[in-house]
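Take a look at the structure set out below.
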Amino acid sequence: MRKVTSAPSVRLKLALGLLVALNWSCNNDNDDPQALPYGSGVLVVNQGNFTDNNGTISYFPPTGSTASYDIFNQVNQRSLTGSVQAYEEADGKGLILVDNTTAGQDKVEIVDANTFKSLATLKSPEIENPRSAVRVSANKVYVSCWDLSGDFSNGTFYKDPGYIAVVDLTTHTVTKKIPAVKGVETLLLVGSEVFAGSTGGSTKLTVIDITTDQLKTGIEIGANPNPVAVDGNGKLWVYSGGEMIRVNPQSKAIENRLKIGTDKTRSLSKFRLSADKQYFYFVSSFYDAADNYKEKGETYRFSVNDTSVPATTPFIKRLFSGLAVEPQSGIIYGGYTPSYKQAGYVFRYQTSGTLIDSVKAEIAPSGFYFK
């Protein structure tokens with residue numbers, strides 16, 4: 001089985017990545033937005049505390065010794081004013097998905113991907129509770145939206161159906177809303193189709209033809225299915241109810257169901273594929289009643305060829321609020337949130353699970369975008 005560190009070229013990339021890591025620091029002494037190029041490096045999506053509407057995006061350069069915080073505010077002299085759910089790039093532009101606690105204030109900020117200068121803002125009612133985004137073709141992006149949320153206490157929080165907004169990056173407009181399941185969530189592009197997940201109770205994985213922007217026959221999976229990635233064997237993996245389900249993306253047939261662990265009190269999340277597409281990393285967490293119900297947990301790993309995942313031996317003994325793998329070096333990025341009222345941290349690990357370094361981020365680092 002091929003590993004990330006087996007090929008000389010990959011070892012060289014990893015070595016370069018480690019050299020960069022040694023130069024990291026938390027300095028933020030460059031206040032000139034024009035002098036901050038964002039054409040390459042790592043963007044950290046800091047979700048913020050939802051009730052404070054204080055999500056931000058941090059920037060780590062590929063080389064050098066500076067890290068920049070709240071770069072949208074630095075460049076545009078205004079905050080994002082909401083919880084940042086995700087970031088996606090397409091055709092030289094960046095899309096920042098912002099969810100605000102106040103009704104009618106959700107939006108997608110469109111920026112120049114290199115300078116982060118604001119180009120346009122997609123607002124309510126075109127965008128309501130944005131969750132995930134994916135580039136599907138030239139100047140076209142899909143954005144999953146829950147739509148207007150309701151009352152959680154009486155079971156009407158998710159509007160049925162949610163929708164997927166089709167965004168034209170030439171005109172900066174929403175050209176269509178594709179009806180989707182309740183709580184439509186993660187979007188994954190595979191060939192000419194987008195697979196859309198759900199957190200609203202649906203058991204079916206939505207399938208969309210990107211050439212026509214039309215729904216196709218969905219795939220019955222199980223509770224709240226969400227697509228994760230396509231592995232090195234060309235198989236689509238979907239997480240649902242404590243299982244990783246392997247699907248043939250062409251025939252749509254389910255090939256295997258891989259049960260993860262046996263502890264039903266734990267929540268499994270943040271499944272990420274390794275750079276060589278042979279391993280999955282994920283976070284297993286629980287709320288400790290003996291410690292005022294504080295969330296605790298660890299990070300695990302399994303092979304795409306495994307037949308069982310006991311989830312008893314942690315790969316990294318730390319709970320992460322965000323998890324990602326740098327696609328070239330295979331370095332693992334973990335976002336750590338000590339609380340939703342203080343800055344978090346980003347930890348970086350070798351493919352062996354050995355810690356490289358850490359750097360201070362902003363509140364609730366939950367996502368990463370590698371440029």
Discussion item. To the closest 0.5 Å, what do you measure between CZ (Arg348) and OH (Tyr333)?
Written reply: 3.5 Å
Worksheet item: Taking only residues two or more places apart in sequence, or in another chain, which ones meet Thr354 in a side chain to side chain donor-acceptor pair (under 3.5 Å)?
Response: Ser352
Discussion item. Going by the rule side-chain contact (heavy atoms from CB on, under 4.5 Å), which residues pair with Asp213 if we only count those two or more places apart in sequence or in a different chain?
Written reply: Lys140, Tyr142, Val166, Lys176, Ile178
Pair up each side-chain donor or acceptor in residues 86-94 with any protein partner under 3.5 Å, not counting sequence neighbours, and list the distances.
from, atom 1, to, atom 2, distance (Å)
Tyr87, OH, Glu89, OE2, 2.7
Glu89, OE1, Lys371, NZ, 3.2
Glu89, OE2, Lys371, NZ, 2.3
Asp91, OD1, Arg135, NH2, 3.1
Asp91, OD2, Arg135, NE, 3.3
Asp91, OD2, Asn139, N, 2.6
Lys93, NZ, Leu169, O, 2.5
Lys93, NZ, His172, NE2, 2.8

Worksheet item: Under 4.0 Å between a Lys/Arg side-chain N and an Asp/Glu carboxylate O for Lys317 and Glu298?
Response: no
Worksheet item: Partners of Thr299 by side-chain contact (heavy atoms from CB on, under 4.5 Å), sequence neighbours excluded?
Response: Val283, Ile316, Phe320, Leu323
Fill in: Thr337: partners by side-chain contact (heavy atoms from CB on, under 4.5 Å), with sequence neighbours left out
Ser321, Tyr340, Ala364, Pro365
Response to the item:
Separation between OG (Ser198) and CZ (Arg131), nearest 0.5 Å, reads 11.0 Å
Worksheet item: Under the side-chain hydrogen bond (donor to acceptor under 3.5 Å, both in side chains) criterion, do Ser366 and Asn46 qualify, and how do the steps go?
Response: CA-CA 6 Å; Ser366 57; Asn46 304 285; over 6 Å; no
Fill in: Contacts of Lys107 that satisfy salt bridge (Lys or Arg N to Asp or Glu O under 4.0 Å) - sequence neighbours left out
Glu109
Worksheet item: Among all residues two or more places apart in sequence or in another chain, which pass the side chain to side chain donor-acceptor pair (under 3.5 Å) test with Ser124?
Response: Glu128
Worksheet entry | Qualifying residues under side-chain contact (heavy atoms from CB on, under 4.5 Å), relative to Phe315, sequence neighbours excluded | Tyr281, Arg301, Ile332
Worksheet item: So which residues get pulled into Ile245's cluster when ILVMFWY side chains under 4.5 Å apart are joined, directly or through others?
Response: Leu188, Val190, Phe195, Leu205, Val207, Ile219, Ile221, Val230, Leu236, Val238, Val247, Ile254
Fill in: Cluster companions of Phe50 among Ile, Leu, Val, Met, Phe, Trp, Tyr (side-chain spacing under 4.5 Å)
none
Discussion item. Which residues pass the salt bridge (Lys or Arg N to Asp or Glu O under 4.0 Å) test with Glu126, not counting sequence neighbours?
Written reply: none
Discussion item. Can you list everything that forms a ring-ring contact (aromatic ring centres under 6.0 Å, His included) with Phe280? Sequence neighbours excluded, please.
Written reply: Trp237, Phe302
